[in-house]
Every structure is written in C-alpha cells, then in structure tokens.
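Beneath this line is the structure, given in structure tokens, with notes to follow.
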Amino acid sequence: MELNSSQRAAVEHDLGPMLVLAGAGSGKTRVVTERIARLLQRGVSARSILAMTFTNKASAEMHERVGKLVGAKLARELTVCTFHRFGLDVLGAETKALGLRGKSFAIFDQSDCTGVIREVLRELRSGRNYDVNAILARISNAKNAFVEAEAWAESQRKGKGLDEYDEIAMLVYPRYIAALRAFQAFDFDDLICEVVRLWQRRPDVLERWRTRYRYVIVDEYQDTNHAQLELLRLLGAHKNVVVVGDDDQSIYAWRGADVRNILDFEEHFTGAKVVKLEHNYRSRAPVLDVANAVLARSGGRRHKKSLIATRMGGDKVQLVVCTDPDVESSFVATEAMRLLEREGARPKDIAVLYRSNLLSGPIEAALKERQIPVRMIGGTQFFERKEVKDLIAYLRVALDPEDEMSLRRIINYPSRAIGDVAVSKLGAYATARETSLWVAVTRPHAVHELSTAAIEGCRQLVRIIEATRQRFDRKEPSAEIARALLVDAGFKEDITAGSTSNSVAARRWGNLEGLLNVFARRDDQGKGDRDQFASFLRLLALRQDSEEEEATDRVTLSSMHGSKGLEFPYVFVIGLEEGIMPHQRTLTERATDVAPPGADGDVVGHSIEEERRLFYVAVTRAKDRLYMTYAKHRGSRGKMVARTPSRFLLDVPDELIEEREEEGPQAPELDKTKAGAASVLAALSFNPFSGGEMPLVPRRRP
DNA sequence: CCGCGTACTGTTTTT
DNA sequence: CAGTACGCGG
C-alpha cells in the first residue's frame, strides 16, 4: 500500500529533530522501518543508526521488519535494542572509564533491589514494617531526576512535604547506593542514569558514542523518563533525533515516564519538525468511535489530534453484562469457540485483555476446558521466578565464585545449616582476612565458632560448585551441566517438599525444565563457550520474554499494558468495573504512593487520566470486532462483592454500543465442580515451555 | 539452626 | 484464599 502524505513526510524528512505523533494503528512501525530503509538507501552507514524501543518484543519486531525491507545482512549492522540494553552495552564497553574493578558487573532486578533495601532496613533497625517496593519507587524517582542523596535530604529539610516514606527513603538511599557499589551491581535505572553521568563527566567518552551513532530513532517516546531524555539530549545533541509516540497512549507514568517529554519535545529539541499521523488503518469505524468517545472526555494537556477511520462498516461494539466472573469467562470462551467454528477465526486472531493479571485465571481455565490453546503475556516474569533465579545463581557462582550476591542467594538453598548466624561469621572471616565470602566458605574449619553442621554445609556446597565447575571445564553442554546441578543440589526434593501442593511443585519444576530448554537451544546453536554463557546469564535479568514463539496459533491473554503495540481481529476487554478499571489503587491515595512526574499534587486525578488512556489502548487493539464485559458481582480477597460498571463505559454514548445480559447456566453446583476441575487442569498444564513432567512424588514425611 | 504453627495482608501495570 | 512474616519449641 502507498504511504499517505504525512507518512511520507515522516519517512522522507532529512536532517534535524522530528516528532512523529502517531495515533493508534496509524502505521507507526511502518514509518519507522521505511525511514530506516530510506536512510540506508541514501548511503547512511547501518552502523551509525540506533533505534531504541522499550521492550525486547518491540525491538525484535522492528528489527525483523527492517530486515524484510533491506535484507538480513544489512539489518544485522543496525543497532536496534531497548533503552536498557543500550545502556548495558555502553556501561559494558566503558568499564574502565567507570572505574570498575574488572570488566564484569551484575544487574539487579527488582527483587534483588528490594532485598538490598530489606537488608538496609534491618541494619537501620527501623522497627516498622515498611513497604520496600514503595521505598524503591521513591529512590528510583530520585535517581531518574539525578537527585543526589545529600541534595535530596537538603531539599526535604527546607521544603514542607516530608511524608514518612520520604524520610525513610532518604535514609535508605545512600546506603542502598553503597550496597550496589559493594556488589559492583547496577539496577535497571542505573543502566540509563550511569550512562548519563558518565557522559556528563567525560566529554571524550560521549564524543565517541556521538560519532558512532549519527541517527537516533526512539519508539514509544511517550514512555520515556527524565533520565532517558537526558541520554537522548547528550547523544543526539539536538541533531538527527527522531522520536515516535502518542501522548494519548502514555500509560507508564507510574514507573516514572514523563509525558511532558513528548508534549515539550519542540522545546527540548529546537527546530523540531512535527508530523501527525491521524489515519487509523487498523480498527473498523464502530471500534474507533468507542475509542474516540472515551478519549473525548479526557482532561489535561494533550497534543491535539483526532483519529480518522479508514475501515468503514463492521459490527457494533458489544457490551456484555455478566452476573459473575464464571459467567464472564464462560461467555468469553463460548464466544471464542463460536468465532473459531463458525466465523473461520484462528486462535491467534483472538485476544482477551484485562486490567490486572489476577483476572486471567478463570478465563484461562474456561478456554482450556474447551481445548482452546492459549498464550499468556505478562504475569510474573519467567526469569524472576524464585527457582529460576536460584538455578541461575548456582551457575553464576560456579562460573565466578566472587559473585557474592549469587553466592548469598544459594548459600543456604536448599537448607544446609548455614543460617544468618553462620553467614555473618563467614562474612566476618572474609572481611578480617580481606578475602571473599567464597574463600571463607572453602575453609569453614578456619572460621571461628562455626557450628559443625554449618561446616558440613559449606563442604557440601563447595562439592556441588566444584563439580559444576569441572563440568564447565570439560565443556559439557550447558543444559547438561544445569541438569546435573539440579540433581547435585537437590532442587527436586526441595521443591517437592517445600510446595504447598503437587500442582505448585509441578509448575516450579516445569519452570526449571523451561530454563533447561532455553539452555539446550543455545547449545544446539553451538554457543557453548563458557564466557559467552556467563554474559548470557547476566543478560537474562533484562529479558522478560523467554524466546517467545510468536508463530504459535493461540488465543492471547494479556494485561492491557502488555497488549500495547499488538492488534487482533477479535478482542475481548473484560472486567470493566469500578475498582478494577479504573483500578482501586488509582482511586484512593496512599502513603506509599509516589507522585508521577508532573502530577502537581493531584495524584488521583492524574492517574485516573492514565487509566482512561489505558482503556483507550485496550480498545484500539481491536481490528474488526470488540467485546467489552463486566461482572455485577466479583470476589475480592475471598468475599463476593457487588460491582458497578466502569465510569469509562458511561462515557460512551448508548448508540455506539449493543448491550446484553449473560446470566449463565441455571445449575450452579454442576458448573462449580466443572470449573474446579478445569482450574486444576490449567494449573497442571501451565508451563511456558514444554511439558513440565514430574513424577508427583508424595510429600516427604519426616 | 530448622520446622511448624499462627496471623496478616494483599496484588496494577514492567525494563 | 494463598503466600509470607513472625514466633516458638525441638
């Protein structure tokens, strides 16, 4: 298809900064890919182009689509990656300038970071039970605003608003930073902020990166935070920075994204050209009418633009009022079945979207009950699951015993009598001898007053690690090494004994099998080298998706956030009730809340606007037909509660919607037993990879 | 130091 | 209702 005039303007724009305001479904990715292709055609070196996105999925897709246009060989020379990956690469290349010991460092994910904060709180003897995530969010905000610990304390002393979380976060902040430094670790924010800091103090280093990347393209620009803006300003120096985004789809203020970046782009990058893409090529008119109706009620600052439908005709949007979640999920599943059988839909044409991952359970069960294949986006990230992190930590210790964070993680897992007391004794020994914790572990007899049980535990651990290291030396395939490690360390026994039910145990073990499969795939590709494997392990923290098999033909279940950038012929948006959409957390202010950038006091109003945009994002995923549902009753923490429809539904004029009621089957008992069986089945077969088969050993009895 | 019992408390979204 | 945090007895 031909490009329209504004698309062409964006593709053909020459030099200088440009903001492309790309409404939902307006062909944004196409514009970006064609633009890159055009730059290449005109003789720009692929190595000098940097395209940054937010998710691995988005960057993979962009890379692939450019590859189709310009060929795989050329595409390989491009840098297409996430912001965080770019930051990681810069830090990795500049370890010397950063003054790091050696060239390796760790990346701490959220749970590592909250662990550090917990530790700091313990040292501070703060007494109270603080919400560590809230503290981390406050620290993250300070970091991204480049507020130093002292400056923060200073400004707080002068200012009036000192809430209790500010106070404790200020106290924790410097110790938190010190702890990360001690571990030679970076958190996610550091991957951006430390690059900015480095570039600011070392113009010579910045200059190298500037000459390397002459053309910078940023996708989803509305999601950038302050630090990312600074990174762009330094790198792009007001030239050749092209950003693409849509302020109406800004849904990440809660994690520090600042919409003002896109609203004020023309001030940040003087002389910027602005192009608006307002033709929607994705959704049928009735879907778009609903989306526009919701957006029309939106307050606050916006770039003025309206979405114009190009695909006319199509069915009215349906609103299905259900009595409860069971009815809702059986409606979705039955209707999905009908689409598959009667309307020739493929499973991959269908998506079910919800505000919170909690809502996915019943839907997943209902679809599986009807043998409909599903894929879940989001949920607890695979590489953040405890057992997965445990295995990775073991491997990292085997590869590098000086990796203290990993060592601490597994030093007493599974339990081998090395408790807090033993660990601090080992730590004291290490500090006194100016050696590492690992060395202390290898000489437990030398450690003062270590219990005999703990000494034996250390010996055991050393045996396991040594055995693993020898396997690495023998260049065994990594999957085999990991498998042997699972046996040596007794993962299976611990999981079986420590899980509340067999299905939980099966899921955990399945996750480990999944990780082994990831390793096996790498082995097959011949990437068996030890150092490569070590850096691969480090990277795992950064990747949310586990080698996603896009090609699979499955019904998509996703959070609304996770659905951004995707599109489906048939979309169900469920759980449209007050308290869920908009979510309760956004309706009532809490002490632990963090004001998003630019909220100016009205935190609640600000976040409701964000919920509205989130609803808009969800609705605009639909190409042909959209179903919206809500339940009149829904359980919240055990108890059934009456529900009212989402306020956003009330913003849609009646004539745009076809409403109907679903009452569900008359025999509730029968339905209930069925649902129970279905969810057990779902739990058993839940596994991101291949069948996590595990002999369901009876629970160990002492 | 471990395991068991009891109480509580919560779940938005993700690099 | 589940998963976790904490306290106590071996």
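Below, chains carry the letters A, B, ... as their sequence lines are ordered, and counting in each starts from 1.
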- request: Pick base, sugar-phosphate or nothing for A/L191, based on heavy-atom distances below 4.0 Å to the nucleic acid.
  value: nothing
task: Quick one: label A/D190 by what it contacts on the DNA or RNA (base, sugar-phosphate, nothing), any heavy atom closer than 4.0 Å.
output: nothing
- prompt: From B/dT13, B/dT11, B/dT15, pick the nucleotide closest to the side chain of A/L358?
  reply: B/dT11
message: Let's see if you can work this out: which of B/dC2, B/dT15, C/dA5 has an atom nearest to the side-chain heavy atoms of A/T55?
response: B/dT15
task: Could you work out which one of B/dC2, B/dT11, C/dA5 sits closest to the side chain of A/N412?
output: B/dC2
message: Once you apply a heavy-atom cut-off of 4.0 Å, does A/Q110 come out as touching a base, just sugar-phosphate, or nothing?
response: base
field: Distance between C1' atoms of B/dT13 and C/dT4 (Å, rounded)
entry: 22 Å
field: Pair A/K28 + A/E220: basic N to acidic O under 4.0 Å
entry: yes
field: A/Y213 side chain to A/T79 side chain, donor-acceptor N/O pair below 3.5 angstrom
entry: yes
message: Looking at A/N56, I'd like to know whether one of its side-chain N or O atoms comes within less than 4.0 Å of OP1 or OP2 on B/dT15.
response: no
- request: Grab the OH-C1' distance between A/Y413 and B/dG3 for me, whole Å please.
  value: 16 Å
statement: Regarding the side chain of A/H84, the nearest nucleotide among B/dT15, B/dC2, B/dT13 is B/dT15
query: Ring stacking, A/F54 with base of B/dT15, under 5.5 Å and under 30°?
result: no
task: Grab the CD1-P distance between A/I251 and B/dT14 for me, whole Å please.
output: 9 Å
task: Check every strand shown and say whether A/A453 touches a base, only sugar-phosphate, or nothing at a heavy-atom separation below 4.0 Å.
output: nothing
query: Just by modelled atom types, is the A/I251 backbone N or O under 3.5 Å from a matching donor or acceptor in the A/R613 side chain?
result: no
task: Report yes if at least one side-chain N or O of A/S415 is closer than 4.0 Å to OP1 or OP2 of B/dC1; otherwise report no.
output: no
query: Given that A/R255 and A/R416 both sit by DNA chain B, which one's nearest nucleotide is further toward the 5' end?
result: A/R416
message: Rounding to an integer number of Å, can you tell me how far A/I580 CD1 sits from B/dT13 P?
response: 12 Å
Salt bridge A/R643-A/E578, side-chain N to carboxylate O under 4.0 Å: no
- request: Find the distance A/Y616:OH to B/dT13:P and express it as a whole number of Å.
  value: 23 Å
- request: Output the single nucleotide from B/dT11, B/dT14, B/dT15 whose closest atom is nearest the side chain of A/T82.
  value: B/dT15
field: Cationic N near anionic O, under 4.0 Å, A/E328 to A/R634
entry: yes
- line: Separation of C/dG3 atom P from A/K386 atom NZ, nearest Å, is 14 Å
message: Nearest whole Å is fine: how far is B/dT15 P from A/E220 CD?
response: 12 Å
task: May I ask you to say whether A/K143 pairs ionically with A/D190, meaning some side-chain N is under 4.0 Å from a carboxylate O?
output: yes
task: Measure from OH on A/Y354 to C1' on B/dT11 and round the result to the nearest Å.
output: 14 Å
message: At 4.0 Å (heavy atoms only), tell me whether A/F83 reaches a base, stays on the sugar-phosphate, or touches nothing.
response: nothing
message: With a 4.0 Å limit, can you tell me whether A/N225 has a side-chain N or O closer than that to the phosphate oxygens OP1/OP2 of B/dT15?
response: no
Salt-bridge contact A/K564-A/D223 (side-chain N to carboxylate O under 4.0 Å): yes
query: Looking across every strand, which nucleic acid part, if any, lies under 4.0 Å from A/A454 by heavy atom: base, sugar-phosphate, or nothing?
result: nothing
message: Measuring from the side chain of A/W254 (C-beta onward, heavy atoms only), which nucleotide among B/dT11, B/dT15, B/dT14 has the closest atom?
response: B/dT14
- prompt: Does A/V421 or A/L614 map to a spot on DNA chain B nearer the 5' end, using the closest nucleotide for each?
  reply: A/V421
query: C/dC1 P sits how many Å from A/R634 CZ, rounded?
result: 17 Å
query: Where the side chain of A/S559 is defined as all heavy atoms beyond and including C-beta, which of B/dC1, B/dT15, B/dT14 is the nearest nucleotide?
result: B/dT14
